[in-house]
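Here is the structure we will look at, set down as C-alpha coordinates.
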Amino acid sequence: RRPQRVASTSDLNLDCPRPRRRSRRRGFFVSGTFRTDPSLGQSLSIWSTARELAGKTPAERNRYVDFLRAVSILVVVIGHWLIATFSYVDGQLMPGHLLKSHPQYQWLTWIFQVMPIFFIVGGYSNAVSIESAKRKGVDYAGWLVARLHRLVTPLLMLIVAWAVAAVVLRTLGVRPEIVVFLTQASFVPTWFLAIYIMLVILAPPTYRLWRRFGFASFAGFVVLAVLVDIAFFAFDQRWLGWTNYFWVWLAVHQLGFAWRDGHFSSAAKMLAMAGFGFVALYLMIDRGPYPLAMVGSPDESLSNTLPPKATLLALALFQCGLLLALERPLRRALDGARLWAATVLVNSMIMTVYLWHITVQMAVGAAFYLTGDFAFRLEPGSTEWWLSRPVWIGVLILVLVPVALVLSAVERRARAADAKTHSAARLVTGAAMACLGISFLSLWGLGGGPAAWVDEVAIAFVVIGAFLSGLIFSERSR
(Lines give C-alpha, C1' and ligand atoms only; values in the text may rest on other atoms or scores of the structure.)
Protein backbone atom coordinates (compact mmCIF):
# COMPACT_ATOMS: atom_id res chain seq x y z
CA ARG A 1 0.00 0.00 0.00
CA ARG A 2 1.31 3.42 -0.95
CA PRO A 3 2.46 5.36 2.15
CA GLN A 4 0.63 8.55 3.04
CA ARG A 5 2.17 11.91 2.33
CA VAL A 6 3.02 13.83 5.48
CA ALA A 7 3.06 17.59 5.78
CA SER A 8 6.10 17.95 8.01
CA THR A 9 8.54 15.85 9.95
CA SER A 10 6.47 16.46 13.05
CA ASP A 11 4.17 13.88 11.45
CA LEU A 12 7.07 11.41 11.47
CA ASN A 13 6.34 10.93 15.16
CA LEU A 14 9.16 9.48 17.21
CA ASP A 15 6.58 7.88 19.46
CA CYS A 16 5.74 5.44 16.65
CA PRO A 17 4.86 2.71 15.98
CA ARG A 18 1.40 2.94 17.51
CA PRO A 19 -1.16 0.17 17.51
CA ARG A 20 -4.76 1.22 17.09
CA ARG A 21 -7.15 1.63 19.99
CA ARG A 22 -4.53 1.76 22.66
CA SER A 23 -3.87 4.24 25.43
CA ARG A 24 -2.88 7.68 24.16
CA ARG A 25 0.32 7.52 26.17
CA ARG A 26 2.73 5.64 23.92
CA GLY A 27 6.07 6.07 25.56
CA PHE A 28 8.34 7.71 28.08
CA PHE A 29 11.93 8.84 28.46
CA VAL A 30 14.37 6.86 30.58
CA SER A 31 18.01 7.97 30.74
CA GLY A 32 17.85 9.80 27.40
CA THR A 33 16.18 6.88 25.64
CA PHE A 34 12.65 6.89 24.40
CA ARG A 35 10.99 3.68 25.50
CA THR A 36 7.81 2.61 23.85
CA ASP A 37 4.82 1.26 25.70
CA PRO A 38 5.70 -2.14 27.26
CA SER A 39 2.78 -3.70 25.35
CA LEU A 40 4.66 -3.03 22.15
CA GLY A 41 7.52 -5.19 23.38
CA GLN A 42 10.39 -3.04 22.15
CA SER A 43 12.73 -0.27 23.29
CA LEU A 44 14.42 2.00 20.77
CA SER A 45 16.74 4.95 21.17
CA ILE A 46 15.75 8.30 19.71
CA TRP A 47 18.37 7.95 16.99
CA SER A 48 17.34 4.41 16.08
CA THR A 49 13.72 5.47 15.89
CA ALA A 50 14.63 8.45 13.72
CA ARG A 51 16.53 6.17 11.34
CA GLU A 52 13.64 3.75 11.20
CA LEU A 53 11.18 6.53 10.40
CA ALA A 54 13.58 8.04 7.89
CA GLY A 55 13.57 4.73 6.04
CA LYS A 56 9.79 4.89 5.76
CA THR A 57 9.71 8.34 4.19
CA PRO A 58 7.55 8.49 1.03
CA ALA A 59 9.63 8.78 -2.12
CA GLU A 60 7.71 11.85 -3.33
CA ARG A 61 8.50 13.86 -0.20
CA ASN A 62 10.73 16.90 -0.70
CA ARG A 63 13.31 16.29 2.00
CA TYR A 64 15.03 19.59 1.29
CA VAL A 65 12.08 21.42 2.88
CA ASP A 66 12.68 19.66 6.19
CA PHE A 67 16.43 20.14 5.88
CA LEU A 68 16.07 23.91 5.41
CA ARG A 69 13.66 24.11 8.36
CA ALA A 70 16.17 22.35 10.62
CA VAL A 71 19.17 24.35 9.40
CA SER A 72 17.38 27.72 9.60
CA ILE A 73 16.34 27.17 13.21
CA LEU A 74 19.82 25.99 14.19
CA VAL A 75 21.34 29.08 12.55
CA VAL A 76 18.94 31.28 14.55
CA VAL A 77 19.99 29.52 17.75
CA ILE A 78 23.71 30.00 17.07
CA GLY A 79 23.10 33.61 16.05
CA HIS A 80 21.27 34.42 19.28
CA TRP A 81 24.04 32.81 21.31
CA LEU A 82 26.63 34.94 19.51
CA ILE A 83 25.07 38.42 19.60
CA ALA A 84 24.00 38.30 23.28
CA THR A 85 27.06 39.31 25.31
CA PHE A 86 27.91 39.77 28.98
CA SER A 87 30.79 41.85 30.28
CA TYR A 88 31.80 43.89 33.30
CA VAL A 89 31.19 47.65 33.26
CA ASP A 90 32.46 49.57 36.30
CA GLY A 91 32.63 46.34 38.27
CA GLN A 92 29.09 45.24 37.45
CA LEU A 93 28.11 42.42 35.08
CA MET A 94 26.00 43.92 32.30
CA PRO A 95 24.21 42.34 29.34
CA GLY A 96 25.14 43.65 25.92
CA HIS A 97 24.42 43.35 22.21
CA LEU A 98 27.35 42.58 19.90
CA LEU A 99 25.82 44.51 17.02
CA LYS A 100 25.52 47.65 19.16
CA SER A 101 28.97 47.52 20.72
CA HIS A 102 30.70 46.39 17.50
CA PRO A 103 28.68 47.59 14.48
CA GLN A 104 31.37 46.33 12.10
CA TYR A 105 29.85 42.85 12.53
CA GLN A 106 26.37 43.87 11.42
CA TRP A 107 26.95 42.41 7.96
CA LEU A 108 26.89 38.94 9.56
CA THR A 109 23.15 39.36 10.04
CA TRP A 110 22.69 38.90 6.29
CA ILE A 111 23.65 35.29 7.03
CA PHE A 112 22.11 34.75 10.47
CA GLN A 113 18.75 36.42 9.77
CA VAL A 114 17.17 33.32 8.24
CA MET A 115 13.57 33.86 9.30
CA PRO A 116 12.66 34.51 5.63
CA ILE A 117 13.74 30.94 4.90
CA PHE A 118 11.58 29.59 7.70
CA PHE A 119 8.54 31.46 6.37
CA ILE A 120 9.20 30.17 2.84
CA VAL A 121 9.47 26.64 4.22
CA GLY A 122 6.29 27.29 6.18
CA GLY A 123 4.48 28.31 2.99
CA TYR A 124 5.59 25.12 1.27
CA SER A 125 4.56 22.92 4.21
CA ASN A 126 1.23 24.68 4.63
CA ALA A 127 0.48 24.16 0.94
CA VAL A 128 1.21 20.44 1.28
CA SER A 129 -0.99 20.11 4.38
CA ILE A 130 -3.85 22.10 2.81
CA GLU A 131 -3.75 19.84 -0.24
CA SER A 132 -3.70 16.77 1.99
CA ALA A 133 -6.65 18.02 4.05
CA LYS A 134 -8.63 18.68 0.88
CA ARG A 135 -8.01 15.14 -0.39
CA LYS A 136 -9.11 13.68 2.95
CA GLY A 137 -12.18 15.87 3.23
CA VAL A 138 -10.89 17.69 6.34
CA ASP A 139 -12.46 21.13 6.76
CA TYR A 140 -10.74 24.37 7.77
CA ALA A 141 -11.36 23.88 11.50
CA GLY A 142 -9.94 20.34 11.44
CA TRP A 143 -6.90 21.51 9.53
CA LEU A 144 -6.31 24.54 11.75
CA VAL A 145 -6.56 22.78 15.10
CA ALA A 146 -3.91 20.27 13.99
CA ARG A 147 -1.52 23.07 13.05
CA LEU A 148 -2.18 24.99 16.26
CA HIS A 149 -1.53 21.89 18.34
CA ARG A 150 2.00 21.58 16.95
CA LEU A 151 2.78 25.27 17.45
CA VAL A 152 1.11 26.26 20.71
CA THR A 153 1.43 23.16 22.89
CA PRO A 154 5.26 23.37 23.30
CA LEU A 155 4.94 27.10 23.97
CA LEU A 156 2.57 26.62 26.93
CA MET A 157 5.23 24.66 28.79
CA LEU A 158 7.78 27.48 28.39
CA ILE A 159 5.34 30.14 29.61
CA VAL A 160 4.22 28.12 32.63
CA ALA A 161 7.83 27.30 33.54
CA TRP A 162 8.90 30.95 33.48
CA ALA A 163 5.77 32.12 35.31
CA VAL A 164 6.64 29.75 38.15
CA ALA A 165 10.34 30.66 37.99
CA ALA A 166 9.51 34.38 38.18
CA VAL A 167 7.47 33.85 41.35
CA VAL A 168 10.28 31.79 42.91
CA LEU A 169 12.96 34.35 41.99
CA ARG A 170 10.95 37.22 43.43
CA THR A 171 10.31 35.22 46.60
CA LEU A 172 14.05 34.64 46.95
CA GLY A 173 14.66 38.38 46.77
CA VAL A 174 16.02 38.63 43.23
CA ARG A 175 15.78 42.22 42.00
CA PRO A 176 12.74 42.92 39.78
CA GLU A 177 14.87 44.26 36.92
CA ILE A 178 16.79 40.97 36.77
CA VAL A 179 13.54 38.98 36.57
CA VAL A 180 12.37 41.27 33.78
CA PHE A 181 15.64 40.80 31.89
CA LEU A 182 15.63 37.01 32.24
CA THR A 183 12.02 36.60 31.16
CA GLN A 184 12.17 39.17 28.39
CA ALA A 185 15.26 37.50 26.94
CA SER A 186 13.80 34.00 27.26
CA PHE A 187 10.58 35.05 25.54
CA VAL A 188 12.43 36.56 22.56
CA PRO A 189 11.81 33.44 20.39
CA THR A 190 8.05 33.67 20.93
CA TRP A 191 7.54 36.77 18.73
CA PHE A 192 8.02 34.57 15.70
CA LEU A 193 5.31 32.18 16.84
CA ALA A 194 2.83 35.02 17.29
CA ILE A 195 3.11 36.16 13.69
CA TYR A 196 3.51 32.65 12.26
CA ILE A 197 0.30 31.48 13.96
CA MET A 198 -1.53 34.39 12.32
CA LEU A 199 -0.06 33.38 8.95
CA VAL A 200 -1.24 29.81 9.53
CA ILE A 201 -4.76 31.13 10.20
CA LEU A 202 -4.58 33.01 6.89
CA ALA A 203 -2.83 30.22 4.95
CA PRO A 204 -5.94 28.67 3.30
CA PRO A 205 -7.30 31.99 1.95
CA THR A 206 -3.85 33.17 0.85
CA TYR A 207 -3.29 29.80 -0.82
CA ARG A 208 -6.51 30.34 -2.74
CA LEU A 209 -5.18 33.75 -3.76
CA TRP A 210 -2.03 32.06 -5.01
CA ARG A 211 -3.96 29.43 -6.98
CA ARG A 212 -6.01 32.15 -8.66
CA PHE A 213 -3.54 34.98 -9.19
CA GLY A 214 -0.11 33.34 -8.92
CA PHE A 215 2.80 35.75 -8.54
CA ALA A 216 0.38 38.68 -8.63
CA SER A 217 -0.66 37.71 -5.10
CA PHE A 218 3.00 37.92 -4.03
CA ALA A 219 3.37 41.28 -5.79
CA GLY A 220 0.26 42.63 -4.07
CA PHE A 221 1.70 42.00 -0.60
CA VAL A 222 5.05 43.47 -1.71
CA VAL A 223 3.33 46.67 -2.88
CA LEU A 224 1.52 46.98 0.45
CA ALA A 225 4.79 46.51 2.36
CA VAL A 226 6.55 49.16 0.24
CA LEU A 227 3.68 51.63 0.65
CA VAL A 228 3.80 51.14 4.43
CA ASP A 229 7.55 51.86 4.38
CA ILE A 230 6.94 55.03 2.37
CA ALA A 231 4.37 56.16 4.94
CA PHE A 232 6.80 55.21 7.72
CA PHE A 233 9.77 57.19 6.40
CA ALA A 234 8.30 59.94 4.24
CA PHE A 235 5.24 60.85 6.32
CA ASP A 236 6.40 59.70 9.76
CA GLN A 237 3.45 57.33 10.15
CA ARG A 238 5.36 55.04 12.49
CA TRP A 239 2.27 53.26 13.79
CA LEU A 240 1.46 52.02 10.29
CA GLY A 241 4.79 50.21 10.17
CA TRP A 242 3.48 47.52 12.50
CA THR A 243 1.12 46.27 9.77
CA ASN A 244 4.21 45.06 7.92
CA TYR A 245 4.28 42.11 10.27
CA PHE A 246 1.53 40.91 7.95
CA TRP A 247 2.45 42.30 4.52
CA VAL A 248 6.16 41.42 4.61
CA TRP A 249 5.78 37.91 6.00
CA LEU A 250 2.67 37.13 3.93
CA ALA A 251 4.67 38.01 0.82
CA VAL A 252 7.53 35.73 1.89
CA HIS A 253 5.02 32.99 2.74
CA GLN A 254 3.64 33.21 -0.84
CA LEU A 255 7.11 32.31 -2.12
CA GLY A 256 6.67 28.96 -0.36
CA PHE A 257 3.53 28.36 -2.43
CA ALA A 258 5.49 29.19 -5.56
CA TRP A 259 8.19 26.71 -4.58
CA ARG A 260 5.56 24.04 -3.96
CA ASP A 261 4.15 24.59 -7.46
CA GLY A 262 7.55 24.03 -9.06
CA HIS A 263 8.35 27.60 -10.11
CA PHE A 264 11.79 27.53 -8.51
CA SER A 265 13.25 24.44 -10.16
CA SER A 266 15.78 26.22 -12.40
CA ALA A 267 19.14 26.80 -10.71
CA ALA A 268 20.02 29.54 -13.20
CA LYS A 269 16.79 31.44 -12.48
CA MET A 270 17.35 31.04 -8.76
CA LEU A 271 20.85 32.49 -9.00
CA ALA A 272 19.42 35.40 -10.99
CA MET A 273 16.81 35.94 -8.28
CA ALA A 274 19.53 35.83 -5.64
CA GLY A 275 21.52 38.43 -7.55
CA PHE A 276 18.49 40.67 -7.89
CA GLY A 277 17.73 40.35 -4.18
CA PHE A 278 21.33 41.14 -3.22
CA VAL A 279 21.53 44.22 -5.45
CA ALA A 280 18.15 45.47 -4.23
CA LEU A 281 19.16 44.97 -0.60
CA TYR A 282 22.49 46.72 -1.11
CA LEU A 283 20.89 49.73 -2.80
CA MET A 284 18.13 50.01 -0.19
CA ILE A 285 20.76 50.27 2.54
CA ASP A 286 23.40 52.27 0.66
CA ARG A 287 21.05 54.77 -0.99
CA GLY A 288 17.99 54.46 1.21
CA PRO A 289 17.08 55.02 4.86
CA TYR A 290 17.47 51.41 6.00
CA PRO A 291 20.11 50.21 8.53
CA LEU A 292 22.65 47.50 7.70
CA ALA A 293 21.72 44.98 10.40
CA MET A 294 18.96 42.48 9.57
CA VAL A 295 18.56 41.28 13.17
CA GLY A 296 17.45 43.09 16.29
CA SER A 297 17.60 46.82 16.84
CA PRO A 298 21.26 47.89 17.06
CA ASP A 299 20.05 51.39 16.15
CA GLU A 300 17.68 52.54 18.90
CA SER A 301 15.64 54.67 16.49
CA LEU A 302 15.46 52.34 13.50
CA SER A 303 15.30 48.61 12.83
CA ASN A 304 14.73 46.36 9.83
CA THR A 305 12.76 43.93 11.96
CA LEU A 306 10.94 45.97 14.60
CA PRO A 307 8.67 46.48 12.76
CA PRO A 308 9.62 44.58 9.57
CA LYS A 309 10.75 46.58 6.56
CA ALA A 310 10.81 45.90 2.83
CA THR A 311 14.53 45.06 3.18
CA LEU A 312 13.45 41.66 4.48
CA LEU A 313 11.74 41.01 1.14
CA ALA A 314 15.02 41.65 -0.70
CA LEU A 315 16.82 39.46 1.82
CA ALA A 316 14.24 36.71 1.24
CA LEU A 317 14.85 36.80 -2.53
CA PHE A 318 18.61 36.73 -1.98
CA GLN A 319 18.58 33.81 0.45
CA CYS A 320 15.82 31.88 -1.31
CA GLY A 321 17.59 32.15 -4.65
CA LEU A 322 20.90 30.92 -3.27
CA LEU A 323 19.50 28.02 -1.29
CA LEU A 324 17.06 26.79 -3.93
CA ALA A 325 19.83 26.88 -6.52
CA LEU A 326 21.40 24.12 -4.40
CA GLU A 327 18.20 22.10 -4.08
CA ARG A 328 18.98 19.32 -6.56
CA PRO A 329 22.43 18.31 -5.24
CA LEU A 330 21.29 18.58 -1.64
CA ARG A 331 18.18 16.48 -2.30
CA ARG A 332 20.50 13.81 -3.66
CA ALA A 333 22.61 14.10 -0.50
CA LEU A 334 19.48 13.76 1.64
CA ASP A 335 18.81 10.38 0.07
CA GLY A 336 21.61 9.20 2.35
CA ALA A 337 20.27 7.48 5.46
CA ARG A 338 22.34 9.31 8.05
CA LEU A 339 21.83 12.88 6.85
CA TRP A 340 18.09 12.36 6.42
CA ALA A 341 17.76 10.61 9.78
CA ALA A 342 19.56 13.54 11.42
CA THR A 343 17.13 15.92 9.69
CA VAL A 344 14.16 13.89 10.97
CA LEU A 345 15.63 13.90 14.47
CA VAL A 346 16.14 17.68 14.57
CA ASN A 347 12.67 18.35 13.15
CA SER A 348 11.09 16.09 15.77
CA MET A 349 12.23 18.52 18.49
CA ILE A 350 12.63 21.71 16.51
CA MET A 351 10.10 23.80 18.43
CA THR A 352 11.60 22.72 21.75
CA VAL A 353 15.11 23.64 20.63
CA TYR A 354 13.94 27.00 19.33
CA LEU A 355 11.80 27.93 22.32
CA TRP A 356 14.27 26.86 25.03
CA HIS A 357 17.66 27.84 23.62
CA ILE A 358 17.75 31.28 25.26
CA THR A 359 16.45 29.88 28.55
CA VAL A 360 19.39 27.47 28.46
CA GLN A 361 21.72 30.38 27.73
CA MET A 362 20.38 32.31 30.72
CA ALA A 363 20.73 29.24 32.98
CA VAL A 364 24.31 28.52 31.88
CA GLY A 365 25.23 32.20 32.24
CA ALA A 366 23.79 32.27 35.77
CA ALA A 367 25.70 29.11 36.66
CA PHE A 368 28.99 30.60 35.44
CA TYR A 369 28.31 33.81 37.35
CA LEU A 370 27.57 31.97 40.61
CA THR A 371 30.47 29.52 40.37
CA GLY A 372 33.11 31.83 38.96
CA ASP A 373 32.70 34.63 36.45
CA PHE A 374 35.76 33.76 34.33
CA ALA A 375 33.51 33.36 31.27
CA PHE A 376 32.64 37.07 31.33
CA ARG A 377 36.13 38.56 31.77
CA LEU A 378 36.80 38.66 28.02
CA GLU A 379 35.99 41.82 26.13
CA PRO A 380 33.14 41.10 23.62
CA GLY A 381 34.41 41.34 20.06
CA SER A 382 38.07 40.90 20.99
CA THR A 383 40.23 38.19 19.40
CA GLU A 384 40.21 36.21 22.65
CA TRP A 385 36.43 36.51 22.86
CA TRP A 386 35.95 35.17 19.32
CA LEU A 387 38.37 32.31 19.98
CA SER A 388 36.33 31.35 23.04
CA ARG A 389 32.99 31.29 21.16
CA PRO A 390 33.28 27.66 20.00
CA VAL A 391 33.76 26.61 23.63
CA TRP A 392 30.83 28.78 24.79
CA ILE A 393 28.52 27.45 22.07
CA GLY A 394 29.71 23.89 22.72
CA VAL A 395 28.78 24.17 26.41
CA LEU A 396 25.35 25.54 25.50
CA ILE A 397 24.78 22.69 23.05
CA LEU A 398 25.75 20.13 25.70
CA VAL A 399 23.10 21.57 28.00
CA LEU A 400 20.44 22.15 25.36
CA VAL A 401 20.52 18.63 23.89
CA PRO A 402 19.37 16.74 27.01
CA VAL A 403 16.83 19.47 27.77
CA ALA A 404 15.42 19.12 24.25
CA LEU A 405 15.39 15.31 24.44
CA VAL A 406 13.27 15.39 27.56
CA LEU A 407 10.94 18.30 26.82
CA SER A 408 10.35 17.46 23.15
CA ALA A 409 8.11 14.58 24.23
CA VAL A 410 5.39 17.24 24.56
CA GLU A 411 6.05 18.46 21.02
CA ARG A 412 5.78 14.96 19.57
CA ARG A 413 2.63 14.01 21.45
CA ALA A 414 -0.20 13.78 18.96
CA ARG A 415 -3.57 15.36 19.58
CA ALA A 416 -6.06 12.83 20.93
CA ALA A 417 -7.99 11.24 18.10
CA ASP A 418 -11.29 11.71 19.92
CA ALA A 419 -10.65 15.33 20.94
CA LYS A 420 -13.45 17.65 19.93
CA THR A 421 -12.81 20.10 17.11
CA HIS A 422 -14.52 23.42 17.77
CA SER A 423 -15.91 25.83 15.21
CA ALA A 424 -13.53 27.77 13.00
CA ALA A 425 -14.66 31.06 14.56
CA ARG A 426 -13.80 29.80 18.05
CA LEU A 427 -10.43 28.46 16.92
CA VAL A 428 -9.48 31.73 15.22
CA THR A 429 -10.60 33.75 18.26
CA GLY A 430 -8.57 31.54 20.58
CA ALA A 431 -5.49 31.66 18.37
CA ALA A 432 -5.71 35.46 18.08
CA MET A 433 -5.98 35.79 21.87
CA ALA A 434 -2.96 33.53 22.34
CA CYS A 435 -0.98 35.60 19.80
CA LEU A 436 -1.82 38.82 21.64
CA GLY A 437 -0.66 37.34 24.94
CA ILE A 438 2.52 36.04 23.31
CA SER A 439 3.20 39.50 21.88
CA PHE A 440 2.94 41.11 25.33
CA LEU A 441 5.32 38.54 26.83
CA SER A 442 7.91 38.85 24.06
CA LEU A 443 7.79 42.63 24.26
CA TRP A 444 7.91 43.16 28.04
CA GLY A 445 8.72 39.83 29.72
CA LEU A 446 7.29 39.40 33.21
CA GLY A 447 7.25 42.60 35.23
CA GLY A 448 8.39 44.96 32.51
CA GLY A 449 5.00 46.04 31.17
CA PRO A 450 3.41 49.48 31.49
CA ALA A 451 1.17 48.25 34.35
CA ALA A 452 1.44 45.60 37.03
CA TRP A 453 -1.55 43.65 35.70
CA VAL A 454 -0.05 43.17 32.22
CA ASP A 455 1.65 39.90 33.25
CA GLU A 456 -1.58 38.30 34.41
CA VAL A 457 -3.46 39.50 31.33
CA ALA A 458 -0.78 38.22 28.94
CA ILE A 459 -0.65 34.75 30.52
CA ALA A 460 -4.46 34.65 30.76
CA PHE A 461 -4.76 35.47 27.07
CA VAL A 462 -2.42 32.62 26.14
CA VAL A 463 -4.13 30.09 28.41
CA ILE A 464 -7.69 31.11 27.50
CA GLY A 465 -6.73 31.19 23.84
CA ALA A 466 -5.34 27.68 24.08
CA PHE A 467 -8.53 26.54 25.81
CA LEU A 468 -10.77 28.09 23.15
CA SER A 469 -8.66 26.39 20.51
CA GLY A 470 -9.19 23.03 22.20
CA LEU A 471 -5.51 22.59 23.00
CA ILE A 472 -5.93 22.25 26.78
CA PHE A 473 -8.80 20.82 28.82
CA SER A 474 -10.24 19.66 25.50
CA GLU A 475 -13.58 17.93 25.34
CA ARG A 476 -14.09 14.52 23.81
CA SER A 477 -16.16 14.06 20.69
CA ARG A 478 -19.43 12.29 21.24
Side-chain angles (χ1 to χ4, degrees), residues 76-77 79-87 89 92-100 115 151-152 154-198 242 245 295-298 300 303 305-308 351-370 376 396 400 403 407 433-466:
V76 169
V77 169
H80 281 164
W81 286 347
L82 279 177
I83 65 174
T85 63
F86 295 90
S87 60
V89 178
Q92 289 190 337
L93 184 64
M94 301 293 292
H97 194 296
L98 182 66
L99 303 182
K100 290 182 180 180
M115 277 304 166
L151 293 169
V152 178
L155 172 66
L156 293 173
M157 183 168 52
L158 177 72
I159 292 175
V160 171
W162 269 111
V164 173
V167 171
V168 172
L169 290 172
R170 289 166 181 163
T171 303
L172 294 175
V174 175
R175 296 199 309 273
E177 59 269 25
I178 294 179
V179 176
V180 171
F181 167 73
L182 292 174
T183 55
Q184 194 173 28
S186 297
F187 288 146
V188 162
T190 64
W191 77 264
F192 156 76
L193 276 183
I195 186 58
Y196 186 70
I197 289 170
M198 295 307 297
W242 297 99
Y245 269 108
V295 172
S297 303
E300 295 292 344
S303 168
T305 56
L306 192 69
M351 288 302 301
T352 306
V353 169
Y354 175 71
L355 288 172
W356 287 87
H357 73 278
I358 294 185
T359 296
V360 165
Q361 183 182 22
M362 295 297 105
V364 171
F368 277 145
Y369 176 74
L370 294 173
F376 307 124
L396 294 176
L400 179 59
V403 169
L407 299 182
M433 285 187 66
C435 289
L436 186 59
I438 293 167
S439 300
F440 289 162
L441 292 172
S442 64
L443 187 61
W444 295 310
L446 294 174
W453 46 263
V454 170
D455 295 354
E456 290 77 9
V457 169
I459 294 174
F461 270 32
V462 175
V463 173
I464 295 173

Query raised in the report: What distance do Ile459 atom CD1 and Leu446 atom CG have between them, rounded to the nearest 0.5 Å?
Result: 5.0 Å
Query raised in the report: Would you say Gln184's side chain and Leu443's backbone share a donor-acceptor pair under 3.5 angstrom?
Result: yes
Query - Spacing of Phe376 atom CZ and Phe368 atom CZ [to the nearest 0.5 Å] - result: 7.0 Å
Query raised in the report: Is there a side-chain contact between Pro450 and Trp444, using heavy atoms and a 4.5 Å cut-off?
Result: yes
Atom pairs and distances, side-chain donor-acceptor, residues 356-365, under 3.5 Å, sequence neighbours left out:
{"unit_1": "His357", "atom_1": "ND1", "unit_2": "Tyr354", "atom_2": "O", "d": "2.6"}
{"unit_1": "His357", "atom_1": "NE2", "unit_2": "His80", "atom_2": "ND1", "d": "2.8"}
{"unit_1": "Thr359", "atom_1": "OG1", "unit_2": "Trp162", "atom_2": "NE1", "d": "2.9"}

Requested in this report: Looking only at non-hydrogen atoms, find the nearest pair between Ala194 and Cys435 and report the distance.
Outcome: O-SG, 3.2 Å
Requested in this report: Report yes if the side chains of Leu355 and Leu407 come closer than 4.5 Å at any heavy-atom pair, otherwise no.
Outcome: no
Query - Spatial distance of atom CD1 (Ile438) from atom CE (Met433) [nearest 0.5 Å] - result: 11.5 Å
Requested in this report: Could you list the residues that satisfy side-chain contact (heavy atoms from CB on, under 4.5 Å) with Leu436, not counting sequence neighbours?
Outcome: Phe440, Phe461
Requested in this report: Kindly write out the residues that satisfy side-chain contact (heavy atoms from CB on, under 4.5 Å) with Thr85, not counting sequence neighbours, or none if the list is empty.
Outcome: Leu98, Pro380, Trp385
Report summary line: So OG1 of Thr183 and CD1 of Ile159: to nearest 0.5 Å the spacing works out to 11.5 Å
Query raised in the report: Given side chains that start at C-beta, do those of Leu156 and Val462 come closer than 4.5 Å, heavy atoms only?
Result: yes
Report task. Give, for atom CG of Leu155 and atom CG of Leu441, the distance between the pair rounded to the nearest 0.5 Å. Result -> 8.5 Å
Requested in this report: Kindly state each residue pair satisfying salt bridge (Lys or Arg N to Asp or Glu O under 4.0 Å) with at least one member in residues 436-457, sequence neighbours excluded.
Outcome: Arg170-Asp455
Requested in this report: Using side-chain contact (heavy atoms from CB on, under 4.5 Å) as the criterion, list what pairs up with Tyr245, not counting sequence neighbours.
Outcome: Trp191, Ile195, Trp242, Trp249, Leu306, Pro307, Pro308
Requested in this report: Could you tell me which residues satisfy side chain to side chain donor-acceptor pair (under 3.5 Å) with Thr352, sequence neighbours excluded, listed by chain and number?
Outcome: Glu411
**Report entry** Euclidean distance, Leu158 CG relative to Ser186 OG, rounded to 0.5 Å
**Finding:** 7.0 Å
